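A note on names: the letters A, B, ... follow the listed sequences, proteins ahead of strands, and every chain is numbered from 1. All values reported here derive from a predicted model rather than from experimental measurement. Scope of the values below: all heavy atoms of this structure, side chains included, with no hydrogens, waters or symmetry mates.
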There are 2 protein chains.
Amino acid sequence: MTLRADARRNVEGIRRAALDVFRAGGLTTPMDEVARAAGVSKGTIYHRFGGRRGLIDAVVDELVAERIRAIVERVEALDGPLARFEAYLHGIWLLQFDEPAANDVLMRALPDSEPLSILCDHACEFARRLLHDAQAAGVIRADLTPEDLTHLILERGAIVRACPHQSRADYDRRLGFALRGLRPV
Amino acid sequence: MTLRADARRNVEGIRRAALDVFRAGGLTTPMDEVARAAGVSKGTIYHRFGGRRGLIDAVVDELVAERIRAIVERVEALDGPLARFEAYLHGIWLLQFDEPAANDVLMRALPDSEPLSILCDHACEFARRLLHDAQAAGVIRADLTPEDLTHLILERGAIVRACPHQSRADYDRRLGFALRGLRPV
DNA sequence: TAGCTTCTTGACCATGGAGTCAACTACTGC
DNA sequence: GCAGTAGTTGACTCCATGGTCAAGAAGCTA
C-alpha cells in the first residue's frame with residue numbers, strides 16, 4: 001500500500017528537516033524542533049517514524065555513514081601503519097568536532113538502532129586492525145588496548161559536547177597532544 | 001539577630017546533608033534530595049540558603065578546598081619540575097574521578113559563586129607556575145599553553161561525567177597516555 | 001462531486017525539576 | 001503558660017520534554 005501524496009511529501013520534508021536540525025544540534029534535539037522545521041506537527045513524526053529512534057534510523061546513513069566511509073577510504077590510501085593509525089583517529093576526532101550528530105552516533109547516547117550499531121561496529125573493527133598493525137610495527141605503545149581506542153573516541157565525544165567553545169584550530173592542536181601520548185614510551 | 005534554636009539545628013543538618021549528597025552525586029543533585037536527606041522541606045533550604053547557589057557556597061570549602069590544598073601540598077614537597085607538574089595534573093585528574101562534586105567545582109558547571117571562583121583561580125595560578133617551571137627545564141613541550149592546561153582539566157571533567165563506568169585502574173592507566181603526550185616532542 | 005479512507009492536528013497527559021508563599025507550627029521572652 | 005514572632009511546610013506554579021489520540025482536514029476514486 002502506497003502512501004498518499006501529502007503523506008509522501010511530509011515524510012520527505014521531515015527527513016530533510018531532521019537532517020538539518022540533527023546536523024546543527026545533534027541527535028538529541030527536541031522533536032518539537034524537528035516538527036517546526038518540517039512544518040508539520042509533532043504527532044505526524046511519531047505517526048510516520050515511530051519516535052526519535054525511527055527518525056534517526058531513517059537519516060543516520062545520509063547523516064554520517066558517508067563521512068565515516070570517507071575517512072576509512074582516505075586512511076586506506078595511506079602508507080605506513082603509524083600514518084594510517086593516526087590519520088584514522090585524527091579523522092574521527094575531527095568528525096566529532098565538526099558534526100555533533102556524528103558524535104552522537106559514535107557515542108550511542110541514544111536509542112540504539114540497527115543501522116547505527118552496524119556502523120559503529122564496523123568502524124571499531126577497522127580501528128582494531130589499524131591498532132594491531134601499528135603495534136606490530138612498534139610505532140604505537142604496546143599497552144594500548146582496543147578498548148582504550150574505543151574509549152578515546154568516547155572521551156573525545158564527551159569533550160566535544162561539553163566544550164563547544166574552543167576554536168577548531170585549538171581543538172586540532174590539542175588532538176596532537178593526545179596522539180603523541182599513544183606513541184611508544 | 002541570632003537564629004532560633006530549631007533553625008540553627010536545621011542549618012547544620014542541611015549543611016551536613018548537602019555534603020553527603022553532593023559528595024555522592026555532584027553539585028547538581030536535585031534540591032528535593034538534599035531536603036529529604038536533611039529531613040526538612042525544600043522550602044526551608046531556599047529560605048535558609050537562598051537556593052542551590054547559596055548552599056554550595058556554604059559547603060564548597062569543606063567539600064573540596066581541603067582536597068585541592070592537599071594536592072598542592074603534596075606537590076610542593078616534590079623535587080623536579082617534571083615530577084611536580086605531572087603529580088599535580090595527575091592528582092587533580094584523580095580527584096575529579098573520585099569526587100563528582102569536586103569535578104563540578106572545577107568545571108564551574110553551576111551557579112558561579114565567590115569562594116568557588118577564588119578556589120579555581122588559585123589552583124589555576126599554581127598550575128601555571130608548575131607549567132612554566134617544567135617548560136623552562138625543557139621537560140614539557142613548549143607549545144603547551146596555560147589555557148591548554150585549564151582545558152585539559154575541563155576535558156577530564158567532561159570525561160568523568162560522561163563515562164562513569166570505567167574502573168579506577170583503567171582511568172588511571174589512561175591518564176598515563178594523556179600525560180605522556182605533554183612531554184617534549 | 002460525494003463519500004470513504006488516510007493523514008494530520010494540537011490539545012492533552014506524564015515526568016521531573018526549580019522555585020514560591022499563605023497557612024500552619026513551635027520557640028522564646030515575659 | 002501565653003502572646004507574638006521566627007520558622008517550617010508542602011502544595012502550588014512554571015518550564016521543558018516525551019509521547020498519545022479523538023476529532024477534523026485532505027486526498028483519492030468512482
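- A salt bridge is absent between Arg84(B) and Asp133(B); no separation between the charged side-chain nitrogens and carboxylate oxygens falls under 4.0 Å.
- When the C1' atom of dA26(D) is taken as reference, atom CG of Leu3(A) falls 15 Å away, rounded to whole Å.
- A heavy-atom distance below 4.0 Å to DNA chain C is reached by these residues of residues 4-15 of chain A, ordered by number: Arg4(A), Asp6(A), Ala7(A), Asn10(A).
- By the 4.0 Å N-to-carboxylate-O rule, Asp20(A) lies too far from Arg23(A) to be salt-bridged with it.
- For the residue pair Asp172(A) and His90(A), a side-chain donor N or O sits within less than 3.5 Å of a side-chain acceptor on the partner.
- With respect to the salt-bridge test (charged N to carboxylate O, under 4.0 angstrom), the residues Glu155(A) and Arg156(B) qualify.
- What separates CD1 of Ile56(B) from C1' of dA18(C) is a distance of 13 Å, to the nearest Å.
- Separating the CZ atom of Arg36(B) from the P atom of dA18(C) is a distance of 12 Å, rounded to the nearest angstrom.
- The main-chain N or O of Ile153(B) is found under 3.5 Å from a side-chain atom of Gln96(B) such that the two form a donor-acceptor pair.
- Rounded to an integer number of Å, the gap from Asp32(A) CG to dC12(C) P is 16 Å.
- In this model, no donor atom of one side chain and acceptor atom of the other lie less than 3.5 Å apart for Gln135(B) and Arg141(B).
- Applying a 4.0 Å cut-off to non-hydrogen atoms, the residues of residues 38-48 of chain B that approach DNA chain D are Val40(B), Ser41(B), Gly43(B), Thr44(B), His47(B), Arg48(B), listed by residue number.
- For the pair Arg183(A) and Glu86(A), the salt-bridge criterion is met [side-chain N within less than 4.0 Å of a carboxylate O].
- In this structure, Arg173(A) does not pair ionically with Asp143(B), as no charged nitrogen and carboxylate oxygen lie closer than 4.0 Å.
- Spacing between atom CE of Met31(A) and atom C1' of dG10(C) amounts to 16 Å, rounded to whole angstrom units.
- Under the 3.5 Å distance criterion, the side-chain polar atoms of Tyr88(A) are left unmatched by any main-chain donor or acceptor of Arg74(A).
- In summary, Glu62(B) and Arg16(B) do not engage in a salt bridge, as defined by a charged side-chain N under 4.0 Å from a carboxylate O.
- The CZ atom of Arg52(A) sits 13 Å away from the P atom of dT20(D) (whole-angstrom rounding).
- Within a 6.0 Å radius of CZ in Arg69(B), more than 12 heavy atoms belonging to other residues, nucleotides or ligands are found.
- Non-hydrogen atoms lying under 4.0 Å from DNA chain D are contributed by nothing in residues 19-26 of chain B.
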